[in-house]
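This report concerns only the one structure given below.
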Amino acid sequence: GLPEPWTVRFSKSKSRQYFFNPQTKQSQWEEPEETDHAALKKYLVEHPLRVRCLHLLIKHKDSKRPASHRADPITITKEEALEELSVYQRKIEQGEKFEDLAKFRSDCSSFKRGGDLGFFAHGDMQPSFEKAAFALKVGQISGPVESASGVHLIKRVA
Ligand SMILES: N=C(N)NCCC[C@H](NC(=O)[C@@H]1CCC/C1=C\[C@H](COP(=O)(O)O)NC(=O)[C@@H](N)Cc1ccccc1)C(N)=O
């Protein structure tokens with residue numbers, strides 16, 4: 001939808017999209033001339049600039065920071081963490097609320113908000129997490145996603 005070589009990016013400071021021309025290094029708020037508005041809108045649905053997700057993190061003994069707000073020390077193996085995550089995956093498929101399960105079990109500080117990470121853009125999260133999150137449609141839940149933090153279930157909410 002954009003005339004070459006323009007690209008669309010997200011400004012975190014202004015919390016809005018802007019247009020950048022990598023050749024001229026020019027950036028601007030308004031769409032460049034000859035932008036096909038409808039095509040750009042469609043493109044942005046398929047390639048969101050930021051997404052909002054909930055996640056449920058289960059850490060294991062090889063996690064980069066094997067500690068969390070949860071009392072018991074983290075001694076389970078990655079295989080055991082994946083096994084436990086599949087139990088939560090089944091509970092979600094059986095209709096239990098993602099937020100409730102994240103509050104109960106997640107090893108991430110976002111557990112307080114039902115696993116809500118808020119909006120994030122490309123580059124904010126670890127690559128494996130970002131890849132999985134941006135591949136989800138709104139409302140969709142991922143399979144098990146591994147990162148240096150542990151193993152995650154991700155639900156895209158916006
Ligand atoms: N909104 C952002 N930009 N926040 C920075 C995210 C940093 C990013 N984090 C991750 O990629 C993983 C995936 C999701 C959570 C997460 C890891 C850890 C748990 O793992 P650990 O670091 O103990 O190994 N939780 C966090 O970071 C939390 N502050 C996420 C969060 C919590 C409450 C509100 C917003 C975000 C990274 N580059 O490490």
Side-chain angles (χ1 to χ4, degrees), residues 2 6-22 25 27-29 40-41 43-158:
L2 286 172
W6 285 93
T7 61
V8 53
R9 295 189 169 175
F10 189 76
S11 157
K12 289 193 65 145
S13 58
K14 297 276 190 308
S15 242
R16 56 182 280 201
Q17 68 185 28
Y18 68 96
F19 299 90
F20 176 67
N21 181 325
K25 302 277 184 261
S27 55
Q28 60 186 53
W29 294 120
L40 176 61
K41 253 172 89 73
Y43 173 86
L44 287 172
V45 169
E46 268 118 46
H47 307 81
L49 297 173
R50 55 180 194 159
V51 295
R52 179 175 177 182
C53 294
L54 314 178
H55 83 129
L56 189 162
L57 168 62
I58 297 185
K59 292 190 174 185
H60 49 76
K61 65 182 185 55
D62 302 325
S63 287
K64 71 177 167 78
R65 195 175 72 86
S68 82
H69 63 284
R70 302 180 89 249
D72 29 353
I74 295 173
T75 58
I76 59 170
T77 64
K78 186 169 92 171
E79 286 62 36
E80 287 164 336
L82 284 164
E83 184 52 43
E84 192 181 349
L85 199 70
S86 67
V87 170
Y88 287 97
Q89 180 122 33
R90 250 192 316 282
K91 287 174 180 290
I92 291 162
E93 283 157 7
Q94 284 156 4
E96 290 198 44
K97 275 173 64 64
F98 194 102
E99 295 84 338
D100 296 343
L101 297 170
K103 267 190 192 118
F104 174 75
R105 180 58 184 88
S106 184
D107 281 313
C108 173
S109 56
S110 58
F111 84 98
K112 298 183 275 275
R113 283 197 300 292
D116 191 358
L117 294 168
F119 279 99
F120 53 91
H122 289 280
D124 287 340
M125 301 298 178
Q126 291 163 54
S128 59
F129 188 93
E130 171 184 318
K131 190 166 182 295
F134 277 81
L136 296 171
K137 290 188 175 28
V138 174
Q140 217 178 349
I141 296 172
S142 73
V145 176
E146 297 183 20
S147 79
S149 297
V151 295
H152 313 250
L153 284 181
I154 308 170
K155 179 178 184 179
R156 181 177 168 198
V157 294

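Numbering of ligands and ligand atoms starts at 1, following listing order.
Without hydrogens or angle criteria, S147 side chain to S128 main chain gives no donor-acceptor distance under 3.5 Å. Of the possible donor and acceptor atoms, none in the side chain of E84 sits under 3.5 Å from a partner among the backbone N and O of A81. Q89 contributes a side-chain N or O that, together with a main-chain N or O of S142, makes up a donor-acceptor pair within less than 3.5 Å. Remark: the backbone N or O of H60 is not paired with any side-chain donor or acceptor of K78 at under 3.5 angstrom. The main-chain N or O of P66 is never found under 3.5 Å from a side-chain atom of K61 such that the two would form a donor-acceptor pair. Under the 3.5 Å distance criterion, the side-chain polar atoms of S110 are left unmatched by any main-chain donor or acceptor of D116. Judged by distance alone, the side chain of S27 and the main-chain N or O of F20 form no donor-acceptor pair under 3.5 Å. Without hydrogens or angle criteria, Q126 side chain to A148 main chain gives a donor-acceptor distance under 3.5 Å. No donor-acceptor pair under 3.5 Å is formed between the side chain of Q140 and the backbone N or O of R156.
Atom 27 (O) of ligand 1 is never approached by the protein to below 4.0 angstrom, counting heavy atoms only. Distance remark: protein heavy atom present below 4.0 angstrom from atom 17 (C) of ligand 1.
When only interatomic distances are considered, the shortest N/O to N/O separation between S109 and ligand 1 does not fall below 3.5 Å. At least one N/O-N/O distance between R65 and ligand 1 falls below 3.5 Å. Not a single N or O atom of H152, backbone or side chain, sits closer than 3.5 Å to an N or O atom of ligand 1. Below 3.5 Å of separation, one finds no N or O of D116 facing any N or O of ligand 1. Note: no N/O pair closer than 3.5 Å links K12 and ligand 1 by distance alone. At a 3.5 angstrom cut-off on N or O pairs, H55 does not count as close to ligand 1.
Ring pair F129/F120 is tilted by interplanar angle, where 30° to 60° counts as tilted.
Regarding atom 34 (C) of ligand 1, its nearest protein heavy-atom neighbour is R113 NH2, 2.9 Å. Among protein heavy atoms, atom 22 (O) of ligand 1 sits closest to K64 NZ, 3.3 Å. Regarding atom 25 (N) of ligand 1, its nearest protein heavy-atom neighbour is C108 SG, 3.4 Å. The closest protein non-hydrogen atom to atom 11 (O) of ligand 1 is Q126 N, 2.8 Å. Shortest contact from atom 3 (N) of ligand 1 to any protein heavy atom: D124 CB, 3.7 Å. The nearest heavy-atom contact from the protein to atom 19 (C) of ligand 1 is L57 CD2, 3.7 Å. Atom 9 (N) of ligand 1 has as its closest protein heavy atom M125 SD, 3.8 Å. Nearest protein heavy-atom contact of atom 30 (C) of ligand 1 is L117 CD2, 3.6 Å.
No more than 12 heavy atoms of other residues, nucleotides or ligands lie within 6.0 Å of NZ in K91, so this atom counts as exposed by the packing criterion.
Contact annotation for E130 and ligand 1: no heavy atom of the residue comes within less than 4.0 Å of the ligand. Under 4.0 Å from ligand 1, not a single heavy atom of D107 appears. Contact annotation: for F120 versus ligand 1, there are no heavy atoms closer than 4.0 Å.
We find that D107 and R105 are joined by a salt bridge, their nearest charged nitrogen and carboxylate oxygen being less than 4.0 Å apart.
When the heavy-atom distances from atom 24 (O) of ligand 1 to A148, A132, S149 are ranked, the shortest goes to S149.
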